[in-house]
Amino acid sequence: MLFDFADLAPRDRYKLMASTILPRPIAWVVTESPEGRLNAAPFSFFNMFSDDPPVVCLGIGARAGDPKDTARNIRETGQFVVNLVSEAVAERMNVTAIEFGPEVDELAEAGLETAPSVKVKPPRIASSPVALECERMTVLDLGTSRSLVIGQVLAMHIRDDAVLDPAKCYVDTPKLGLVARMHGRGWYARSTDLFDMPRIDVADWRERHPAQDAVENHSHSD
């Protein structure tokens, strides 16, 4: 079935995209206002987009037509910490998704402790297995209802027991127990149902398909 987005309301476009572009990693973002007020909120419009420079992007929507505290703090201070969400802390993450007013400390409401960051002022969530200290590169306004935050990762914290070899940067990814956002209002996915499918290099592919290689070489000779 074809859905022409030109004919759909924004909410319907959201439902189609959020129901199919899955699973989405969760950025549990901690920011700090210029006055020193902490804010924590989860966002599933999130991923990594570059390793040199190391870049992550966040899609942050508005709330009742006004920028959310996270977007406002990033614009004003230029710093934020992305914490990844394990199943062990998923329920506490869900508490910070409640649309509290700007005067409420979501970290306190969820009973979360913080740990100091090294490169940026906002702290990280101590119980998160992975935290990325980030600095704003730019913010793109996508219409009036959403902003795209592009941030450079300055440092990363990984729980000690999930690091296999610090010198080689090998991580025991399954041990992190990360969860991802699925469809609807409350569906999430665990990262435990895995299958291994290594990438194929050209030499292996040609060895498996010599006939196809011969056909291509013949066509090139013509």
Side-chain angles (χ1 to χ4, degrees), residues 21-32 38-59 70 73-74 77-93 96 107 110-138 148-181 188-208:
I21 303 175
L22 304 167
R24 299 187 303 275
I26 304 166
W28 200 6
V29 183
V30 175
T31 57
E32 186 171 341
L38 293 179
N39 177 268
F43 300 90
S44 68
F45 283 16
F46 160 71
N47 220 311
M48 58 175 285
F49 287 86
S50 172
D51 62 337
D52 189 16
V55 171
V56 295
C57 293
L58 300 167
T70 298
N73 291 343
I74 292 174
T77 69
Q79 297 183 338
F80 59 102
V81 178
V82 172
N83 304 270
L84 301 186
V85 180
S86 66
E87 188 175 357
V89 295
E91 290 188 6
R92 295 190 180 193
M93 174 276 297
T96 66
L107 294 164
L112 291 163
E113 295 184 0
T114 61
S117 295
V118 176
K119 299 280 190 177
V120 298
K121 192 173 181 182
R124 58 192 173 92
I125 296 173
S127 54
S128 171
V130 181
L132 292 72
E133 299 185 23
C134 302
E135 183 175 67
R136 182 198 67 228
M137 297 181 73
T138 190
L148 181 66
V149 174
I150 302 174
Q152 180 168 342
V153 181
L154 305 180
M156 175 184 281
H157 304 262
I158 302 177
R159 199 177 62 215
D160 289 349
D161 68 341
V163 179
L164 296 172
D165 188 332
K168 295 182 178 180
C169 297
Y170 288 168
V171 177
D172 186 347
T173 303
K175 198 165 190 175
L176 297 172
L178 299 177
V179 298
R181 192 73 170 89
Y188 292 82
R190 298 181 177 91
S191 53
T192 51
D193 184 11
L194 309 178
F195 66 95
D196 185 25
M197 185 169 59
R199 291 183 63 175
I200 306 169
D201 62 33
V202 174
D204 287 343
W205 180 256
R206 294 308 183 207
E207 185 177 349
R208 297 182 202 178

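FYI, side chains are in, hydrogens and waters are out, and symmetry mates aren't considered; it's all heavy atoms of this structure.
In this structure, CG in Asp204 is found 12.0 Å from CZ in Arg206, a value given to the nearest 0.5 Å. Here the CG-CZ distance, from Leu132 to Phe80, works out to 9.0 Å after rounding to the nearest 0.5 Å. Atom-to-atom distance recorded for Leu84:CG and Met156:CE is 7.0 Å, nearest 0.5 angstrom. Between the CG atom in Leu112 and the CG atom in Asn83 there is a gap of 9.0 Å [rounded to 0.5 Å]. Note: Asn47 CG to Leu58 CG = 10.5 Å, rounded to the nearest 0.5 Å. In this structure, CZ on Arg181 lies 13.0 Å from CZ on Phe43, to the nearest 0.5 angstrom.
Residues Met93 and Ile125 are not in side-chain contact: their nearest non-hydrogen atoms beyond the backbone lie 4.5 Å or more apart. With contacts defined as side-chain heavy-atom distances shorter than 4.5 Å, the pair Leu178/Pro25 does not qualify. For the pair Val118/His157, a side-chain contact is recorded, criterion being any heavy-atom separation below 4.5 Å from C-beta on. Contact check for Thr77 versus Lys121: no side-chain heavy atoms found under the 4.5 Å cut-off.
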Let me see the working for Ile158 and Leu176 under side-chain contact (heavy atoms from CB on, under 4.5 Å), right down to the final yes or no. CA-CA 9 Å; Ile158 302 177; Leu176 297 172; 4.3 Å; yes

Residues Arg159, Lys175; criterion side-chain contact (heavy atoms from CB on, under 4.5 Å); working and verdict: CA-CA 10 Å; Arg159 199 177 62 215; Lys175 198 165 190 175; 4.1 Å; yes

Decide side-chain contact (heavy atoms from CB on, under 4.5 Å) for Val29 and Phe46; before the verdict, give the C-alpha distance in whole Å, the side-chain angles of both, and the deciding distance to 0.1 Å. CA-CA 11 Å; Val29 183; Phe46 160 71; over 6 Å; no

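A donor-acceptor pair under 3.5 Å is absent between the side-chain atoms of Glu133 and the main chain of Ala155, judged by distance alone. With hydrogens and angles ignored, the 3.5 Å screen pairs no side-chain donor or acceptor of Ser44 with any backbone N or O of Arg24. For Ser117 (side chain) and Pro122 (main-chain N/O), a donor-acceptor pair under 3.5 Å exists by modelled atom type.
A pairwise comparison of heavy atoms in Pro42 and Ile26 identifies CB-CG2, 4.0 Å as the closest pair. Closest approach of Cys134 and Val120 over heavy atoms only: O-CG1, 3.5 Å. Heavy atoms only, all atoms of each residue included: Gln79 and Ile74 are closest at O-CG1, 4.2 Å. Taking both residues in full, the closest heavy atoms of Glu32 and Pro123 are given as OE1-CD, 4.3 Å, listed atom of the first, atom of the second, then distance. Contact detail for Gln152 and Met137: the closest heavy-atom pair is N-CG, 3.6 Å. Looking at every heavy atom in both residues, Ser191 comes nearest to Gly177 through OG-C, 4.1 Å.
A donor and an acceptor atom, one from each side chain of Trp28 and Ser128, are nowhere located under 3.5 Å apart.
For OH of Tyr170, the number of neighbouring non-hydrogen atoms (other residues, nucleotides, ligands) closer than 6.0 Å is 12 at most. Annotation: Asp165, atom CG; neighbour count of heavy atoms from other residues, nucleotides and ligands within 6.0 Å is above 12.
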